[in-house]
Colleague: 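Just passing along the structure, written as C-alpha cells.
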Amino acid sequence: MKLSDTESEFTKIEKKWQRRWAKDKIFEADPDPSRPKFFLTVPYPYTNGALHIGHGRTYTVGDLIARYKRMRGYNVLFPMASHMTGTPILGMVERIKAGDKKAIEQYKRDLRLYLDTEEEVDAQLAKFTDPWTTAKFFANAISADFKALGYSIDWRRKFTTGDKEYNQFVSWQYHKFKDKGYLKQGDYPLLYCPNCGNPVGEDDLLEGATAKIKEFTAIKFGFKDGYMVPATLRPETIFGVTNMWINPKATYVWARVNGEKWLISEVAAEKLKLQAKEVEILEKFPGSRVVGEKFTAIHDETIELPILPADFVDPNNATGVVYSVPAHAPFDYIALRDLWEDPSSLEEYGISAEEVRGIKMISMIDIEGYSEYPAKDAVEKRNIKSQDDAEALEDATQEIYKAEFYGGIMKDNCGQFSGRPIKDVKDDVVAWMKSINRCDVFYEPDQRPVVCKCGTDVQVGVFAGQWFLDYLAPGWKDLARKALDEMAIVPELFRNLFEATFDWLTQRPCARKRGIGTRLPFDPDWIIESLSDSTIYMAYYTISHKIRVHKIKPKQLTLSFFDYVFLGKGKPETVSEETGIDPAILKDLRGEFLYWYPNDQRHTAPSHITNHLSFAIFHHVAIFPKKHWLKCISLNEHVIMEGRKMSKSKGNVIPLVEIPRKYGADVYRTYVISAAEPASLMDWRERDVPAVRNRLRRFMEIMNKYSRKEPRIYRKKDKPSMATRWLLSRVNSIVQECTTDLDTFKLRDYAINSMTEMIRIINNYLRRKDVPKAEREGTMAYVCDLWVRLVAPMTPHISEEFWSKMKRDGYVSLAPWPKANKRLIDSDIERAFDVVTATISDIREILGLLKDQHPHHAHVYVAPQWKFDAMDAIRKADVPLIAGNLMKVVMSNPEFKRYGKDVQALVKKIVKANGLWPHATNAREELEVLRSSAGYIQDELGVEIIVHSADSPDYDPQNKARFALPGRVSIFLE
RNA sequence: GCGGAGGUUGCCAAGCCAGGUCAAAGGCGCCAGACUUAGGAUCUGGUCUUGUAGAAGUUCGCGAGUUCAAAUCUCGCCCUCCGCACCA
C-alpha cells in the first residue's frame, strides 16, 4: 500500500503542524522551577508488531490529558519508550527462522502497512533473524504512528527496555528488593513441555490453552518397606479410608523418590522426575502383583487394609494409585458395591468373598441433608448402575465435594480434627501429615489434553530455585495499601479491583530462564521477568535523555549512581569517583529527577490492574520515599469492533498506522474521546466515523466564516439582543462545564459539550435573524477564540491551523486554557430561553394535532406574577410534595387566598408533575423574552405570535389565559 | 470455584454514588421538511403507545421493599462480560 494513495482531507494540515511542533521542540519539557510540573506516563508499547486502534484509544486519552494540563499552565512531561523484553519477540523471531508459515504471514501483513512493495517487505523480513532488528523496526514505526496522531511526546527521552543502560537500572531495582528481603527462592510448578525443555505459556499451546495447574496432596501410606502413594484433592478423607485401588493391568513401579521407596504408576514416576524430585526406578511390574496385599492407614498404623483391583483407575492420572473412601466418594462406593455383589473376580488374587464383604464403609463427615453415607445417597439419587457411568459419577462427586466442603463437619473418629468444619480443617490435615512426613505435593494440569505446539503432551514441571517477589513480606502490603488509599484512581470504580488484587497477591515468580531482559545480578542464570522490569521505570524517563547526551556508559551506571540520583544517598563527589561521571552532571540528574518525580498520573487500561499497575504501586513503596509514590492512576477500557472482540485471526483489526491517512488524526481523536466514557468498552463503528468528520467540517466552516472577524463582547450596556446575551451565556457555561468534565475525567461529556453542543447552539444562534450583522460577527469572533482553544486538546491540528489564521501568537497547544467569564453567564436568560423553546414545541405539538386546520395566529398568555410567587414559596418551603402540604404553604400567605381555586389547580399540577419545573424569574421577564423572540418563533413556525399577559389579555375568546403557568404559557391558535 | 464489572427506550451510549427538573443527554439508524438539476453534504423537525389543544398511559433485566416520590436506595433472583499468575 502506498502511503500517498489514501491521504485524508486533513493530512496536509496535520503534517504541517506536526512538522512545526517538532521543529520548535514545543513538547520537549525541561525542569522549570517557576512553573508547576505535571508528569504523565502511559505504558510504553510492546514493539513486536503494529499497534491497532485499541492501543490508540489509551494513548489518545493520555495525550488529551497532557495537552489539557499544558494549556492549564503546567510544565508537562509526557515521555514514551518501547518495550521489548520478555518472550513474544523472541518467540516470533524463532518461528520465522523455523519457517513457520503463519508467523511469516502475520509479520508480512504488519510490514505491508509500513512498506510500499513486496520486495521491501521480503527484504525487511529477511532481517528479522534477531529480536533487536524486529523490535527496533517496530519501535520506529510506532513512534512515527504516534507522531502522525499528534501526540505531544518528548521524544528525546525515548529508550528501549533492552538497552544496556536500562538493564543497569533494573539491576539496581532488584538489588533494592534483595536488600529489603523481598526476594525469595523456592519451588514453583509450571506447565512444561518435556520435549522442548521449556515452560509453556498460553501462546505455546496447540490444545488446552486455558489449562491451569492443579495441586494434589500425595499421601504416603505405609506399604512393605516403603510407601504406596495415592494423590488426592481431599486429604482430609484419610480417616475414612477402607482400601486402596490399583489398576491390575497397568504398569507400576517401585521407585526411589528423594531417597524414599514409593509405589506409583510408571507414568507418574516419569512425571515426578519433572517435578524437581530425584527419581530412580527400582522395579517395574503389573498392578496385579500387589493386589490382595495390605497397607497401613495414616492416622492409625495398626490398621491394615487391602489393596483391591479397579478398572476405573487411570495410571496416567495423578499417581495411578487411589485410596478408597466409599462413604464419601461415589466412585469408591460404586466400585466397592460391585465387588460386594460379585466377588468372583477377586478369587484370582486370593481375596475371599468374606473378606471383601467384611469391608465396612467408614462415615467420617457429618453433613446436613445426607445420611451416614453421602456417596451412597448421591449414587442412588442418580440411579447409577455401574462404574462405566462416568459422567453421572463425576456429577455425584462434584455434588458431594461441594456439600461437604462448605457444610461438612469432621466426625469424632477424626482424631485431633474432630468437630471442625471441612473447609477450615483441610490445610491443617495436610500440615499435620507433612509434620510426620506422610505427604508431599503432586501437580497435574487441571484438564486434558494439553498439547504443546511441538505436538508433545504438556506436563507440570517444577522449577527448583525459582526466584519470587514475596508480596507477603512483613510490612510491604500494608505500605502498598496505604499508597493506594492516598492515591487517586479514576474512574473511582476501579479501586475495588485494586483492593481485591492486593488481597490476593502472595508470591510472584519474577525471573525466568528464557526471553530477553536483564539478568538477575546475583544469579545470572535467571532473566528478570518483563512485567516486573516495568514498574518504576517512570523514574528512568527523568534522566534517560541526559544519559545519552553525556554519553554515560552502562558500566558507569552503578548501584551508587542510582542510589544518589533516585534516592539522594551519598555525595556526588564520592559517586563521581566511583563512576567517573562529573559531579555537576550527577547533581543535574538528581535535580531533574527531583523536579519531575513523582509521576502525577499514569494512564493505561484496566486489564493491567491485576499485574503491572499493582506491581508498580508495590515497587514504588518498596524503593521510594512517600513523596515519590504514584499520585494518580487513570484508566480507560479497551476497544471492540462493531460489537465484536478484535483479533488478528478474525481479521477485524484496524491498524493504528492507517488511521491518520484513512480518517485523519483529529477525526480519530474526536471519535475515540466521544464514543464512550473511559470506564466503558468502546465499540468502534465504522459508520459513526463520518458523522464525527462532518461535525469537524462544520466546526471548520464556522471558524472559517467568523474566526478572523474582530471579536467583541457585547455587554449589557451595549444593549445586545436577547439571542446574543443567551449565546454568550451558553458558551461561557460550556467552557465551565468542559473544564469540570476534563478535571473529573468525564471525557465523553467534554467531547459532546465542546463539539456537538457548541455546534448546536451556534447553529441556533445563527438562525436568528433579529441579531444585527455587526453584533453577530463580533460575538462569533469572540466565541471562536474560546472555541478553538476549548477543542485544542482533542483536535490539535485543526485548532492550530485556525489559531494561526486568527494571527494569534505562538501555538494553540501552548495557549492558555479558555477561562469562563462568569459575568456573561446569566442563568436567568438561559432559563427564559428554555421557555421560548418549550413554547415553540408546545405550539408545534398543537399544530401537529390540528390536522385540517391551518391557524395563522398564535396567542400566547404568560402567567400572572402571583403564580411565580406561589411557585417560589413552594420551592423555598421544601416540603414533601403532597397536595395538602403545598396548599398549606401557599395559603399561609394571605395574599394568595383570593386566588383560591386557581391555587388549587396550580398545586394539583405540581403534585402531578412530581416537582417544580424551570421558568423565568418573574412574569415581566418571561413576557419580555417571549415578546423579543416573537419574530424568531414566527420564523420557526410560520404563524404570527401575539404575546399577552394573562392578567389583562387583549384578546382571549376561549378564556385560555387562566391556564397559563410560569414557564408554561397558555396558547390559543386561530 | 474465587474475585471484579455490568444488564437503560431499534443499535451504541449518558444518567445511578448525592431519589423529584427523567419518556430519560448525545450519536447512529429510520421518517418528514428546507436547500439542491440530482445525489451527497448541511440545516430543521420527528422517532415507546394513544390522542383533531399542548394531554394521558406504559417503560430503564425479573420480583419484592423503603419513600409523598425510584432508572436512581435496600433485599432476593436471572443473565452477560473480564481476570485468576510467567502472558505482555
Side-chain angles (χ1 to χ4, degrees), chain A residues 43 45-46 48 83 85-89 188 190-191 199-204 212-213 402 405 463 466 492-494 496-501 503-512 514-515 529-532 534 606-612 637-638 642-643 645 674-677 679-683 685 687-688 690-692 694-695 697-698 701 746 748-749 751-753 755-757 760 763-764 766-767 834 838-853 879-886 911 913-918 940 958 960 963 967-973:
Chain A
Y46 196 83
N48 69 332
H83 195 192
T85 47
T87 52
I89 284 198
Y188 194 71
L190 290 165
L191 290 177
V200 287
E202 224 172 276
D203 296 333
D204 304 316
K212 301 271 176 285
I213 291 166
K402 244 197 225 168
F405 184 78
F463 271 58
Q466 169 73 54
E492 181 65 29
L493 73 95
F494 288 114
N496 290 340
L497 189 49
F498 273 101
E499 282 168 357
T501 304
D503 286 344
W504 155 86
L505 273 175
T506 53
Q507 278 116 10
R508 188 175 195 279
C510 60
R512 49 170 107 143
R514 61 171 176 156
E529 183 269 330
S530 101
L531 268 185
S532 43
S534 319
S607 55
H608 298 125
I609 292 174
T610 51
N611 44 63
H612 156 250
E637 268 291 1
H638 60 275
E642 313 290 345
K645 249 190 212 167
S674 62
E677 282 294 357
S680 51
L681 226 67
M682 186 192 110
D683 192 3
R685 305 168 132 218
R687 71 177 184 196
D688 288 356
V692 172
N694 292 336
R695 265 194 293 285
R697 280 181 183 156
R698 177 68 184 150
E701 199 182 317
K746 297 268 187 188
R748 186 172 199 263
D749 286 345
I752 291 175
N753 277 324
M755 198 52 85
T756 312
E757 185 63 18
R760 195 195 328 281
N763 281 341
N764 188 302
L766 295 177
R767 271 208 315 283
D834 290 343
T839 303
I840 293 175
S841 11
D842 279 354
I843 298 177
R844 208 172 251 145
E845 185 171 356
I846 300 167
L847 286 172
L849 290 169
L850 296 171
K851 275 179 189 147
D852 302 320
Q853 304 165 45
V879 290
L881 295 177
I882 310 168
N885 290 4
L886 300 186
V911 171
N914 198 8
L916 299 158
W917 53 85
E940 292 286 299
Q958 290 200 357
K960 291 274 186 189
F963 298 121
R968 292 181 181 174
V969 297
S970 171
I971 295 157
F972 171 61
L973 300 181

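Below, chains carry the letters A, B, ... as their sequence lines are ordered, and counting in each starts from 1. Keep in mind that what you see is a predicted model, and the values were worked out from it rather than measured.
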Colleague: What distance, rounded to whole Å, do you find between the two C1' atoms, one in B:rU66 and one in B:rC75?
Modeller: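 Result for the C1' pair: 11 Å, nearest Å.
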Colleague: If I pick the C1' atom on B:rA53 and the same atom on B:rG39, what distance separates them, to the nearest angstrom?
Modeller: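 It works out to 40 Å between them.
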Colleague: Provide the distance between the two C1' atoms, one in B:rG29 and one in B:rU9, to the nearest whole Å.
Modeller: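 Each nucleotide's C1' atom is 14 Å from the other's.
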Colleague: Can you measure from CZ (A:Arg508) to CG (A:Asn611) and round to the nearest 0.5 angstrom?
Modeller: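 The CG atom of A:Asn611 is 6.5 Å from CZ of A:Arg508, to the nearest 0.5 Å.
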Colleague: Give one of base, sugar-phosphate or nothing for A:Arg685, where a contact means two heavy atoms less than 4.0 Å apart.
Modeller: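 Base, at least one base atom sits under 4.0 Å.
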Colleague: So what does A:Leu916 touch, heavy atoms closer than 4.0 Å: a base, only the sugar-phosphate, or nothing?
Modeller: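 Here A:Leu916 touches the backbone only, sparing every base.
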Colleague: For B:rC84, give its Watson-Crick or G-U wobble partner with both distances under 3.5 Å, or none.
Modeller: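 Because both required distances fall under 3.5 Å, B:rC84 counts as paired with B:rG1.
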Colleague: Pick the P atom in B:rG61 and in B:rA56, then give their distance to the nearest Å.
Modeller: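 To the nearest whole Å, 25 Å.
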Colleague: Across the strands shown, which category fits A:Ile609 at heavy-atom distances under 4.0 angstrom: base, sugar-phosphate, nothing?
Modeller: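 Nothing, no heavy atom under 4.0 Å.
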Colleague: What is the nucleic acid contact for A:Leu973, judged by heavy atoms within less than 4.0 Å: base, sugar-phosphate only, or nothing?
Modeller: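 Result for A:Leu973 = base.
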Colleague: At their closest point, which heavy atom of A:Ile971 faces which heavy atom of A:Lys960, and how far apart are they?
Modeller: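 Scanning both residues, the minimum pair turns out to be O-CD, 3.7 Å.
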Colleague: Within the 4.0 Å heavy-atom criterion, would you say A:Thr501 contacts the bases, only the backbone, or no part of the nucleic acid?
Modeller: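 Since no nucleic acid heavy atom lies under 4.0 Å of A:Thr501, the category is nothing.
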Colleague: Would a 4.5 Å heavy-atom cut-off, applied to side chains only, mark A:Lys212 and A:Leu191 as touching?
Modeller: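 No, their side chains stay 4.5 Å or more apart.
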